[in-house]
Amino acid sequence: MLRIALLAVVSTIGAAAIVAGCDLQKFTVNQTAPVLHSANASLQQESDYETAYRAIPGALKTVEGFWVVNPDNEQLTQVLTEGYCQYGTAVVEDDWEVARFAKRLDDVAYDDERATKAFTRCLNYALLQLGARWQKDLYGTSDAVLQLIKDTGHDKRTPMMWAALAIGSIINHNLRRPEALAYIPLVKAMLLRVVELDKDSPPDQEQLAALPHVALGMIYSGASKQFGGDPDAAAAEFQLALTITHDKLLLARVLYGYRVGLQTNNRKLFHDQLVQVMSTDPAVWPEQRLANEVARRKARRYLSHEKDLF
């Protein structure tokens, strides 16, 4: 009896230690999360693209390690949502574009897969923020999805935006799959809902207010006019993003010049907009320095291929 009692005591102590250990880990994560959330700004302010290129994956995996310990921490989920979308855009898609212009088809296919994985992670973290109904109904009937979007309010505005950007980017890297293309109307509906919400209460951060318009510009400039594209609408969205950011978001101008220029076969628009980007100091927006550095890389790349594109 004594031996059994002692074993019971030992088992109880062991269980308590495990629980205490888990609680201590979660406590540590919850104390660290605000620092990691705030520290995310340092990458956005990075002026050296190569430093960011090498640092972002490790930084994301560090945050993800903390998240695994406590997946209920909202701040870490927010960092990972934004982080994986930005990693896909700034790093993986840069590699993908380099491979496309060099016509290295194996690398293009490889980077398509990498991008799909990065944006899928962004989408999954966004869906965690959006909640169970989004996770259930997103791939349901059209009526259910449209009602879901309509019912989404200001409190879920930003994760819905990231989800839309992630799905749109996944589509862009899977253009040969008809089932992927079928989700374009969904992305557009989500973005239009975000814009609608912003009319009443725009986000404090200018880049968050501008991104839906950049994404809509991408949709409208995705095809020529004869195949359903709308260059006028695309131009208006890119220009609105520039207005919102007081002409500081160089990515909007790059995409305006590149995509609408090619869409309308307007070489002057293409050239003038990209040259203007190259003439603008990326430090014009210190808080978004990395995004502007990425934009200038794109502008330089596109200009170097101008004769081939026109």
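Residue numbers start at 1 and run along the sequence shown.
- Here CE of Met218 is found 11.0 Å from CG of Leu191. Values are rounded to the nearest 0.5 Å.
- Among residues at least two apart or in separate chains, ring pair (Phe, Tyr, Trp, His ring centres under 6.0 Å) pairs with a member in residues 77-99 are Trp96-His173.
- Partner of Leu216 under the side chain to side chain contact (heavy atoms under 4.5 Å, CB included) criterion, chosen from Val187, Leu211, Val195: Val195.
- Contact check for Ile184 versus Lys188: no side-chain heavy atoms found under the 4.5 Å cut-off.
- Using cut-offs of 30° and 60° for the angle between ring planes, the His305 and Phe101 rings count as parallel.
- Here the side chains of Glu93 and Glu97 are not in contact, with every heavy-atom distance at 4.5 Å or above.
- Counting only distance, with no hydrogens or angles, the side chain of Tyr49 and the backbone of Ala90 share a donor-acceptor pair below 3.5 Å.
- Atom CD1 of Ile171 is separated from atom OG1 of Thr116 by 11.0 Å, given to the nearest 0.5 angstrom.
- With salt bridges taken as basic N to acidic carboxylate O contacts below 4.0 Å, none links Glu46 and Arg289.
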Kindly list each side-chain donor-acceptor pair under 3.5 angstrom involving residues 227-239, sequence neighbours excluded, with atom names and distances?
{"from": "Asp230", "atom 1": "OD1", "to": "Asp232", "atom 2": "N", "distance (Å)": "3.4"}
{"from": "Asp230", "atom 1": "OD1", "to": "Ala233", "atom 2": "N", "distance (Å)": "3.1"}
{"from": "Glu237", "atom 1": "OE1", "to": "His213", "atom 2": "ND1", "distance (Å)": "2.7"}
{"from": "Gln239", "atom 1": "NE2", "to": "Tyr256", "atom 2": "OH", "distance (Å)": "3.0"}

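- Judged by distance alone, with hydrogens and angles left aside, the side-chain atoms of Ser304 form a donor-acceptor pair with the main-chain N or O of Arg301 at under 3.5 Å.
- Glu306 places none of its side-chain heavy atoms less than 4.5 Å from the side chain of Leu274.
- In summary, Glu64 and Lys61 engage in a salt bridge, as defined by a charged side-chain N under 4.0 Å from a carboxylate O.
- Rounding to the nearest 0.5 Å gives a distance of 8.0 Å between CE of Met190 and CG of Leu148.
- Separating the CG atom in Asp111 from the CG atom in Asp106 is a distance of 11.0 Å, to the nearest 0.5 Å.
- Using a cut-off of 4.0 Å between Lys/Arg side-chain N and Asp/Glu carboxylate O, Glu293 and Arg297 are scored as not salt-bridged.
- Taking every heavy atom of both residues into account, Thr81 and Gln129 meet most closely at OG1-NE2, 2.7 Å.
- Side-chain contact between Lys225 and Gln263 is absent, with no heavy atoms from C-beta onward closer than 4.5 Å.
- Counting non-hydrogen atoms of neighbouring residues, nucleotides and ligands closer than 6.0 angstrom, the CG atom of Asp281 exceeds 12 such neighbours.
- For the pair Gln135 (side chain) and Leu127 (backbone), a donor-acceptor distance under 3.5 Å is present.
- Residues satisfying the side-chain contact (heavy atoms from CB on, under 4.5 Å) criterion with Gln207, sequence neighbours excluded, are Gln205, Trp285, Gln288.
- Contact annotation: the side chain of Asp137 never approaches that of Gln147 to less than 4.5 Å [non-hydrogen atoms, C-beta and beyond].
- Taken to the nearest 0.5 Å, the CG atom of Leu138 stands 5.5 Å off from the CG atom of Leu186.
- Ionic pairing of Lys298 and Asp94 is not present here: no N-O contact between side-chain nitrogen and carboxylate oxygen is shorter than 4.0 angstrom.
- Taking both residues in full, the closest heavy atoms of Cys122 and Ala166 are given as SG-CB, 4.0 Å, listed atom of the first, atom of the second, then distance.
- Under a 3.5 Å cut-off, the side chain of Asn174 and the backbone N or O of Ala180 do not form any donor-acceptor pair.
- Taking hydrophobic clusters as Ile, Leu, Val, Met, Phe, Trp and Tyr residues chained together by side-chain heavy-atom distances below 4.5 Å, Leu175 does not share a cluster with Leu262.
- You'll find the side chain of Arg157 reaches within 4.5 Å of the side chain of Met161, heavy atoms only.
- The pair Asp247-Arg253 meets the salt-bridge criterion, with a side-chain N (NZ, NE, NH1 or NH2) lying under 4.0 Å from an Asp/Glu carboxylate O.
- In this structure, Gln44 and Glu287 have side chains that are not in contact, with every pair of non-hydrogen atoms separated by 4.5 Å or more.
- The neighbour count for Phe310 CZ, taken as heavy atoms of other residues, nucleotides or ligands under 6.0 Å away, is above 12.
- Distance check: Thr158 OG1 to Leu130 CG gives 10.0 Å after rounding to the nearest 0.5 Å.
- Side-chain N or O atoms of Asn292 include none that pairs as donor or acceptor with a backbone N or O of Val284 at under 3.5 Å.
- Transitive grouping of hydrophobic side chains (ILVMFWY, heavy atoms separated by less than 4.5 Å) keeps Phe270 and Val214 in distinct clusters.
- Using a distance-only test at 3.5 Å, with no hydrogens or angles considered, no donor-acceptor pair links the side chain of Thr51 to the main chain of Ser47.
- When side chains are defined from C-beta on, Val98 counts as touching Arg104, because their heavy atoms get closer than 4.5 Å.
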